[in-house]
Novice: 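This is the structure, below, for whatever I ask next.
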Amino acid sequence: MLDNKKKSSPAPMEPPPEAEVEYLSKRHRVSPAIIREIIRRIGSSERSAVEREIRKGMTRR
């Protein structure tokens with residue numbers, strides 16, 4: 001049978017606080033746009049998760 005239930009899309013994540021983005025961008029010497037993109041991609045604005053992703057990216061350089 002076919003289920004006609006709509007698949008619910010995940011709730012849109014609220015934007016991270018600008019102060020947090022500025023802090024991380026200055027600390028890791030990357031642009032705020034990169035920080036926002038990482039937050040959007042991983043789906044979390046938790047500082048430790050963002051820093052982990054930045055470290056992963058730095059090792060690829």
Side-chain angles (χ1 to χ4, degrees):
M1 290 193 134
L2 294 175
D3 286 336
N4 290 335
K5 295 179 184 176
K6 285 187 176 180
K7 292 183 180 179
S8 63
S9 61
M13 191 177 81
E14 63 181 49
E18 270 310 301
E20 187 73 15
V21 171
E22 287 297 319
Y23 169 78
L24 288 168
S25 67
K26 286 181 181 178
R27 178 174 175 177
H28 295 283
R29 295 183 180 184
V30 295
S31 74
I34 291 174
I35 300 296
R36 285 188 209 99
E37 178 64 22
I38 290 172
I39 290 171
R40 187 192 61 77
R41 190 169 34 110
I42 65 174
S44 170
S45 61
E46 185 179 342
R47 184 182 291 178
S48 62
V50 173
E51 289 183 336
R52 193 174 324 123
E53 287 297 314
I54 292 169
R55 278 194 303 274
K56 281 184 193 176
M58 292 290 189
T59 60
R60 292 184 195 126
R61 282 178 147 188

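Residues: numbered from 1 along the sequence shown.
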Novice: May I ask you to say whether E20 pairs ionically with R36, meaning some side-chain N is under 4.0 Å from a carboxylate O?
Specialist: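 Salt bridge absent between E20 and R36.
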Novice: Between S31 and S25, what is the shortest heavy-atom contact and its length?
Specialist: C-CB, 4.0 Å
Novice: Using 0.5 Å steps for rounding, measure from the CD1 atom of I35 to the CD atom of E18.
Specialist: 11.5 Å
Novice: Using the side chain to side chain contact (heavy atoms under 4.5 Å, CB included) rule, take R52 and R55 through it: C-alpha gap first, then chi angles, then the decisive distance, then the call.
Specialist: CA-CA 5 Å; R52 193 174 324 123; R55 278 194 303 274; 4.1 Å; yes
Novice: In sequence, state the C-alpha distance, the side-chain angles, and the governing distance for L24 and V30, and then conclude on side chain to side chain contact (heavy atoms under 4.5 Å, CB included).
Specialist: CA-CA 8 Å; L24 288 168; V30 295; over 6 Å; no
Novice: Once salt bridge (Lys or Arg N to Asp or Glu O under 4.0 Å) is applied, do any residues pair with E37, and if so which ones, sequence neighbours excluded?
Specialist: R40
Novice: Taking all non-hydrogen atoms of both residues into account, name the closest pair between V50 and S44 and its distance.
Specialist: CG2-O, 3.9 Å
Novice: CD of E51 to CZ of R27: how many Å apart, nearest 0.5 Å?
Specialist: 4.5 Å
